Amino acid sequence: MEQQDFETLVKALSATNGLPEALDMLKASEDENVAEAANALTGQFALAEVEGENRVYHVFTEENENGEEQEFVEHVMNVGDDVMVFVAWFFYTQFEIKNRDTYAAAGRTYKQPKRS
């Protein structure tokens, strides 16, 4: 994907109303790799209330070293967070594009989350 196309897509994604809408836009992308990655993620998100926060998790299975399927859960974002949190997560996990580069494409500055 050309840098200009990436910037156009990220800006459009940043204007969506949340993860479901952003994921639908990614699935409809003209870039086959992006659409394929987004389609592969469909149905892999779960909501859970943890420590009083509604969190969105990516739930997936992988084979461990013994050849057994093992379930993994990764915190993606909290409900109500800016959609850019999801957009940056998507491009980092699927294409290894750094969060700051994704935010820069949207004309924003990435701020590292504070550790608790």
Side-chain angles (χ1 to χ4, degrees):
M1 173 180 288
E2 297 288 325
Q3 181 65 27
Q4 185 175 353
D5 295 335
F6 176 65
E7 288 176 8
T8 301
L9 178 59
V10 170
K11 285 177 184 168
L13 290 165
S14 71
T16 61
N17 292 317
L19 189 154
E21 190 178 327
L23 186 59
D24 286 344
M25 185 180 285
L26 288 164
K27 289 192 273 187
S29 174
E30 291 178 8
D31 186 288
E32 280 184 37
N33 294 326
V34 170
E36 199 173 287
N39 278 304
L41 290 172
T42 300
Q44 293 186 6
F45 295 98
L47 285 174
E49 187 175 326
V50 178
E51 299 173 1
E53 296 177 325
N54 287 321
R55 296 183 180 180
V56 177
Y57 290 93
H58 176 226
V59 181
F60 59 100
T61 57
E62 284 186 0
E63 232 177 65
N64 64 19
E65 57 272 355
N66 299 329
E68 303 163 335
E69 287 286 314
Q70 188 172 358
E71 186 174 83
F72 293 92
V73 179
E74 176 185 14
H75 179 232
V76 176
M77 64 188 290
N78 292 343
V79 173
D81 283 353
D82 188 313
V83 71
M84 278 302 295
V85 175
F86 167 70
V87 174
W89 174 87
F90 174 82
F91 284 106
Y92 181 73
T93 60
Q94 302 302 306
F95 301 102
E96 297 181 357
I97 297 172
K98 292 180 178 155
N99 292 344
R100 71 170 179 262
D101 296 335
T102 301
Y103 273 76
R108 299 188 186 184
T109 302
Y110 176 69
K111 294 180 182 77
Q112 186 75 24
K114 293 181 180 158
R115 303 250 178 223
S116 39

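Just so we're clear, the structure is a prediction, and the values are computed from it rather than from any experiment.
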- [ ] Keeping to residues at least two apart or across chains, list the ring-ring contact (aromatic ring centres under 6.0 Å, His included) pairs with something in residues 1-42.
- [x] F6-F91
Measure the spacing between [atom1] of [X] and [atom2] of [Y] and express it to the nearest 0.5 Å.
X: E7; Y: T102; atom1: CD; atom2: OG1; answer: 11.0 Å
X: E53; Y: D81; atom1: CD; atom2: CG; answer: 8.0 Å
X: T93; Y: F86; atom1: OG1; atom2: CZ; answer: 8.0 Å
X: Q3; Y: T8; atom1: CD; atom2: OG1; answer: 9.5 Å

Does any part of the side chain of [Y], heavy atoms only, come nearer than 4.5 Å to the side chain of [X], both counted from C-beta?
X: Q70; Y: E63; result: no
X: H58; Y: W89; result: yes
X: V56; Y: V79; result: yes
X: M84; Y: V10; result: yes
X: Y103; Y: V85; result: yes

Pairs of donor and acceptor atoms involving the side chains of residues 14-30, under 3.5 Å and at least two apart or interchain, shall be tabulated with distances.
from	atom 1	to	atom 2	distance (Å)
S14	OG	K11	O	2.8
T16	OG1	L13	O	2.6
N17	ND2	E21	OE1	3.2
E21	OE1	N17	N	3.3
K27	NZ	T42	OG1	3.4
S29	OG	D31	N	3.1

Task: Under 4.5 Å side-chain linkage, directly or through intermediates, the cluster mates of Y57 - done: V50, V59, V73
So, for [X] and [Y], which heavy atoms are closest and what is the spacing to 0.1 Å?
X: Q44; Y: F60; answer: OE1-CB, 4.1 Å
X: Y92; Y: K98; answer: CD1-CA, 4.3 Å
X: Y110; Y: N99; answer: OH-ND2, 3.3 Å

Open item on the list: Using only atom types and a distance under 3.5 Å, with no angle test, would you say the side chain of N64 pairs donor to acceptor with the backbone of N66?
Closed with: yes
